Amino acid sequence: MNSETGTPGTSGTPRRPETPQGPEAARAPEPPRQPANPQAPRATTASTASPALEASQTPPAPRGSWLSEHSELGVGLLLLVLGVLVLTDALTMNVDITQRGPVGPRTVPVVVGIGLLVVAVLLTLDILRGGRGEAEGGEDIDLSGPADWRTVLLLAGVFLANAVLIGPLGFPVSGALLFWGSAYALGSRHYDRDPLIAAALSLVTYFVFDNLLGVPLPGGPLMGVL
Amino acid sequence: MDSLNSLLDGFGTALTPMNLLWAAIGVLLGTAIGVLPGIGPAMAVALLLPVTYGLDPTGAFIMFAGIYYGAMFGGSTTSILLNTPGESAAVVAAIEGNPMAKAGRGAQALAAAAGGHFAGGMIGTILLVVLAPTVASLAVDIGAPDYFAIMVLAFIAVTSVLGSSRIRGLASLLIGLTLGLVGLDQMTGQQRLTYGVLQLADGIDVVIVAVGLFAIGEALWVAAHLRRSTGEAIPVGRPWLGRDDIRRTWRPWLRGPVIGFPFGAIPAGGAEIPTFLSYVTEKRLSRHKDQFGKGAIEGVAGPESAASASAAGTLVSMLTLGLPTTAVAAVMLAAFQQYGIQPGPLLFEREPDLVWGLIASLFVGMVLLLALNLPLAPVWAKLLRIPRPYLYAGILFFAAVGAYAVGGEALDLVILLIIGLIGFGMRRYGLPVLPAVIGVILGPAAEQQLRRALQISDGSVTGLVDTPFSVAVYAVIVLLLAWPGIRRLVITRRRPTAGA
């Protein structure tokens, strides 16, 4: 991991509604410039220096952030919307001519749609009663801080750009851009090494898939020249 | 006897130079990808799917067998050397394996794990050879209602056995079923949820769903919470076992499959439960109880053997019934569908070359795994130090390659990203991913069987329960659904007696 990997610019932090919150807020705005620096001592100095220490020990749920505390309700809402979409699609289906047998193409979508609505309601009730889905942990996952939306949006953007460019530019170019862009978004700042790795990976993948494995990928104008 | 002959034919298929090469490449690729932190076997298999697109089915599945076992072994290497298991089956390996590595016995821990994988895989595959044809011949006569019952069982099992919240498992399953509805209805050609988009008429490819949920979803989720200081991997030399270690490991190696294999064959969450059970068993039986928690080699050997045997057990239900019980099996089923092959009781009759070639290559793969991975362990350990931006950029890169290779459509990449974002949201709010994948894969098949069954019975619902087999399966389903209630009853009843 290189040394400049912090969350550059941390534009995500000001948007957080619950800023005055003791150690967490004190730590978040400054990106860890040296990963070798142990986190624990810094966190303790921050919390001892913070006047809001007592406040941070009371349950961290200020009334103003009810919505962000219950953001999982959005999952229920999404399921509800999905259920309505599936049901309307099923019920507007024209099945008179095509139906064969007692069960037409409509039955299962109707069951799934109703199921979605029921689960949406049950999930909402569960959340309002205090049930919470547990965020998934993992090897490289640090759940102590807030989500880094900037990186996620950048990655999604880079990925979409690849979808748009793969046709006109061909895979070797768009794939290299995808790798470099993703590595950049994830915090890699080796301007000499990163593009080289991206180009090499993309070209090797193209040749291995297109020539050795028989899986066609678009070469684009570049491969026309070579 | 018959299956022994078929197996010998299978070895004839698996030992051709070309297929041997595919198996070796599969083992190496599977281990390399599986060792990478954050990549579990399911994601490894999903990411490596496109590599096999250009091969004939037999070669492809022989390579898959290698990838599967390689990825499982790679996962335990990560847990032992890094103490941060990427998937639930490898959690137990970290409990004893990592303290061993810290105490300078990493080489022995890796050797115990490799030996466990070898022993568990061998015994498991032998059981597969013995059992699979029998199960398949028993299942040949089962009809549409029975298949439908089995699929309902799979749905219920993945939503209620796994994970902590049933309602969230159910939500995930329904998301998967919805994705599976998109496209032309198989029986009438009616468009469903396509909204007039031509490319959606063929449905959303299962591979895109699997890669989106497992790879893109995971990469985005990690990106949102990337740990800026990664754990230190412990360097390791060539794995070996001393005489004393072997004395302590051979019994756990042999006991593991007894626990692992049956659990793999039933839809109970794959290797998670059997590895834990094996760990508890070894702890109880060990003469070195005081070492447990501080690096007892039995605690690595037993669970690893159980995990490997459960992978073989998974193949029994996958090959004979078309029933995937783990995420990896689900992705492999998707791969079968990719070649237009439907796993099930008829597979052994219709594609004997493929099935027996695949089973024989499991044995070959196991030997290759041991022969290649022991000397290469120090190299694999180096992979743990890959800079995280490159790792996750690479996952996105290869996910894009895989999704594009499915149909050569740029739109597939957009769908992949959308499904990846769904996977991101599911990780954020604790919806398990496996039910969604099972829903996409089995949903359309279940609908077909349901409609076929009701067509036969002329619309009467009793047509779904008119065979002893389907009734038995529904009884199991009821038991599964009632289990939490039963357990509560048992516990409250036992408590007073325990007090008295």
Side-chain angles (χ1 to χ4, degrees), chain A residues 1 5-6 32 35 72 75 79 82 86 89 93 95 98-105 108-109 112 115-116 119 122-123 126 131 133-136 138-143 147-149 151-152 155-156 159-160 162-163 166-167 175 178-179 182-183 186-188 201 205 209 213-217, chain B residues 37-38 50-51 53-54 82 84 86 164-165 167-168 170-171 174 177-178 181 185 187-190 192-193 220-230 387-390 392-394 396-397 400-401 404-405 408 410 413-414 417 421 424-425 427-431 447 450-451 454-455 458-459:
Chain A
M1 179 85 45
T5 38
E72 199 180 347
V75 180
L79 291 172
L82 203 60
V86 172
D89 184 77
M93 214 179 268
V95 289
T98 47
Q99 175 136 0
R100 274 187 302 164
V103 183
V108 172
V112 171
L116 280 167
V119 168
L122 289 177
L123 184 67
D126 181 66
E134 202 178 315
E136 198 182 88
E139 286 163 15
D140 292 332
I141 294 170
D142 178 11
L143 287 174
D148 179 4
W149 290 107
T151 306
V152 176
L155 285 178
F159 202 84
L160 268 184
N162 173 55
I166 194 167
L178 169 65
F179 184 86
S182 307
L186 287 161
S188 183
L201 179 73
T205 308
F209 274 82
L213 293 168
V215 180
L217 292 170
Chain B
V51 175
Y53 281 171
L82 207 58
T84 39
S164 47
S165 162
I167 190 72
R168 286 171 181 80
L170 209 54
L174 284 164
L177 289 175
T178 308
L181 283 176
D185 172 35
M187 286 181 141
T188 62
Q190 178 78 44
R192 295 197 296 201
L193 293 170
L220 292 179
W221 175 236
V222 172
H225 292 279
L226 189 58
R227 196 187 293 280
R228 295 296 168 183
S229 55
T230 40
R388 295 305 182 264
Y390 292 160
Y392 292 101
L396 290 172
F397 175 87
V401 173
Y404 192 83
L413 292 175
V414 180
L417 179 64
L421 289 172
F424 174 86
R427 284 175 172 81
R428 165 67 182 85
Y429 292 110
L431 304 189
E447 179 181 11
L450 170 73
R451 284 160 80 171
L454 289 179
Q455 220 158 359
D458 207 21

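All values below come from the heavy atoms of this structure, side chains included, with hydrogens, waters and symmetry mates left out. Convention: sequence-line order gives letters A, B, ...; per-chain numbering from 1. On a predicted model such as this, the values are computed, not experimentally measured, just so you know.
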Study note, to complete from the structure: If one checks every heavy atom of B:Leu181 against chain A at 4.5 Å, the contacting part turns out to be side chain
Exercise for review: Please name the pair of heavy atoms, one in A:Phe179 and one in B:Ala393, separated by the smallest distance, quoted to 0.1 Å.
Suggested key: O-CB, 3.6 Å
Exercise for review: Examine distances only and state if a side-chain atom of B:Arg192 and a backbone atom of A:Pro109 form a donor-acceptor pair shorter than 3.5 Å.
Suggested key: no
Review point. Chain B heavy atoms under 4.5 Å from A:Val75: which part of the residue, side chain, backbone, both or neither?
Key: side chain
Check your understanding: CG/A:Asn162 to OH/B:Tyr404 distance, rounded to the nearest 0.5 angstrom?
Key -> 9.5 Å
**Study point:** chain A contact via B:Phe397 - side chain, backbone, both or neither, heavy atoms under 4.5 Å
**Key:** both
Check your understanding: For the atom pair OG1 (B:Thr178) and CG (A:Leu82), what is the distance rounded to the nearest 0.5 Å?
Key -> 4.5 Å
Check your understanding: What is the minimum heavy-atom distance between B:Leu417 and A:Ala156, and which atoms define it?
Key -> CD2-O, 3.7 Å
Exercise for review: Working to the nearest 0.5 Å, report the span between OG1 of A:Thr151 and OH of B:Tyr392.
Suggested key: 13.5 Å
Study note, to complete from the structure: What one should report as the nearest heavy-atom pair of B:Arg451 and A:Pro105 is NH2-N, 3.5 Å
Review point. About how many Å separate CG of A:Leu123 and CG of B:Leu431, when rounded to the nearest 0.5 Å?
Key: 7.5 Å
Check your understanding: With respect to chain B, which residue among A:Leu160, A:Leu122, A:Leu116 yields the maximal number of heavy-atom pairs within a distance under 4.5 Å?
Key -> A:Leu116
Review point. Can you name the nearest heavy-atom pair linking B:Pro389 to A:Ala183, along with the distance?
Key: CB-O, 3.8 Å
Exercise for review: Looking only at non-hydrogen atoms, find the nearest pair between A:Phe159 and B:Leu413 and report the distance.
Suggested key: CE2-O, 3.5 Å
**Study point:** Closest heavy-atom pair and its distance - A:Val119, B:Leu170
**Key:** CG2-CD2, 3.8 Å
Revision key, fill the gap. Most contact-rich option vs chain A, by heavy-atom pairs under 4.5 angstrom, among B:Asp185, B:Leu193, B:Leu450, B:Leu177, is B:Leu193
